[in-house]
Amino acid sequence: MPFAADLQRSVTDLDMSAARSGIFTAGIARLQLDADNLRRFNDVLRHISPDHVPYTADQIAGAARRVLRAAAKRLDVPFIRMRMRRAAEIRAALVDTHWPVPAPLESVMTAIVAYLDDTDHALIARDMPVVGQLDAAILVDAAMDTLRAELDDYAEFCRFRHAEAARIGLASPALSTDRAHWRRECEHELLLEQQLRRVRDARYGKNEDAPRGFRIR
């Protein structure tokens with residue numbers, strides 16, 4: 001799976017203040033937030049981010065209104081798009097047999113994917129224009145403090161695997177490498193870099209007055 005080099009892909013904020021939700025917004029008249037689905041949404045939120053305060057229906061509706069208003073003004077609202085890209089990375093890491101995810105993180109990632117796939121109980125209908133994945137994007141955002149380092153490591157592993165496969169003329173899936181091998185290669189690269197830095201900083205002569213070089217005329 002390709003990964004973009006956008007290091008800011010998970011830092012776009014979305015105002016969740018219910019006080020600023022406003023009134024009727026064109027295109028959102030049929031948004032109905034079922035109480036049972038909101039409870040399931042907050043159950044998942046509690047699982048992936050135990051310290052997070054549950055969201056209210058007014059907060060979700062307000063966020064949806066602001067996204068729709070921005071879209072109506074032809075303004076780019078990257079919040080959903082960026083989180084769904086992270087969700088794709090979560091899914092890819094989970095199914096990659098060469099990348100074993102630590103159990104606590106796997107539980108969080110599995111909960112997010114399960115929510116994404118449970119279209120019957122989505123808080124916001126997936127087929128709703130513009131905001132159909134807003135609820136899932138909010139959950140991904142809530143999990144990013146926990147998952148960001150893991151996903152960034154996985155992205156680096158994928159780049160390493162792709163480069164190694166290209167170097168020896170294989171397709172990436174055919175390359176026999178895994179997380180442990182990638183980690184060892186990273187450690188070796190770090191040791192080599194440290195050694196080269198020491199060599200560059202060292203001076204081979206003990207005579208500090210010795211000339212630093214010579215010139216051929």
Side-chain angles (χ1 to χ4, degrees), residues 1-14 44-45 47-50 76-119 122 126-127 130-202:
M1 175 181 176
F3 290 89
D6 176 10
L7 298 180
Q8 302 301 317
R9 60 187 178 273
S10 65
V11 297
T12 304
D13 293 329
L14 184 67
V44 177
L45 177 66
H47 177 74
I48 66 178
S49 184
D76 183 38
V77 187
F79 181 89
I80 297 176
R81 183 179 68 253
M82 289 180 174
R83 272 60 181 185
M84 289 302 97
R85 185 162 57 189
R86 280 301 211 183
E89 295 174 14
I90 290 171
R91 191 184 294 274
L94 280 175
V95 301
D96 194 332
T97 57
H98 298 288
W99 186 260
V101 178
L105 299 183
E106 182 181 19
S107 176
V108 171
M109 296 163 80
T110 300
I112 291 173
V113 170
Y115 183 86
L116 282 166
D117 292 344
D118 187 8
T119 56
R126 296 284 187 262
D127 59 355
V130 183
V131 296
Q133 293 180 311
L134 176 60
D135 52 332
I138 291 170
L139 288 178
V140 172
D141 186 73
M144 283 316 302
D145 283 346
T146 300
L147 298 180
R148 185 176 288 108
E150 178 72 9
L151 295 180
D152 288 348
D153 280 352
Y154 180 61
E156 289 296 331
F157 167 74
C158 288
R159 282 187 280 268
F160 167 80
R161 179 168 57 183
H162 179 76
E164 283 294 290
R167 183 178 63 83
I168 60 179
L170 288 176
S172 291
L175 184 65
S176 179
T177 189
D178 57 17
R179 181 173 189 151
H181 176 242
W182 168 74
R183 181 63 69 186
R184 287 194 299 271
E185 288 298 313
C186 289
E187 292 171 353
H188 292 161
E189 183 177 354
L190 177 59
L191 290 174
L192 177 59
E193 181 180 345
Q194 292 171 342
Q195 181 181 4
L196 292 175
R197 188 180 298 116
R198 287 194 297 270
V199 170
R200 287 194 299 266
D201 294 340

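What you see is a predicted model, and the numbers here were worked out from it, not measured in a lab.
The residue from Asp141, Val140, Leu134 that alone fulfils the side-chain contact (heavy atoms from CB on, under 4.5 Å) condition with Ile138 is Leu134.
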_Verdict with reasoning, Glu150 to Trp99, per side-chain hydrogen bond (donor to acceptor under 3.5 Å, both in side chains)_ = CA-CA 10 Å; Glu150 178 72 9; Trp99 186 260; 2.9 Å; yes
*Intermediate values then yes/no, side chain to side chain contact (heavy atoms under 4.5 Å, CB included), Ile112 and Arg83*: CA-CA 11 Å; Ile112 291 173; Arg83 272 60 181 185; over 6 Å; no
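Looking at heavy atoms from C-beta onward, Arg86 lies out of side-chain contact with Leu147 at the 4.5 angstrom threshold. Looking only at side-chain heavy atoms (C-beta outward), Tyr154 and Val101 stay at 4.5 Å or farther from each other. No side-chain heavy atom of Met144 sits under 4.5 Å from any side-chain heavy atom of Ile48. With a 4.5 Å cut-off on side-chain heavy atoms, Trp182 and Glu156 count as touching. Within the 4.5 Å cutoff, no side-chain heavy atoms of His47 are placed close to those of Thr110.
Across every non-hydrogen atom of Leu116 and Ala87, the tightest pair is CD1-CB, 3.7 Å. Closest of all the heavy-atom pairs between Met109 and Ala93 is CE-CB, 3.7 Å.
Checked against salt bridge (charged side-chain N to carboxylate O under 4.0 Å, His left out), Asp178 has no partners two or more places apart in sequence or in another chain.
Considering CG of Leu45 and CG of Asp135, their distance stands at 11.5 Å, rounded to 0.5 Å. Put simply, CZ on Phe157 and NE2 on His162 are 13.5 Å apart, with the number rounded to the nearest 0.5 Å.
For the pair Arg179 (side chain) and Pro100 (backbone), a donor-acceptor distance under 3.5 Å is present.
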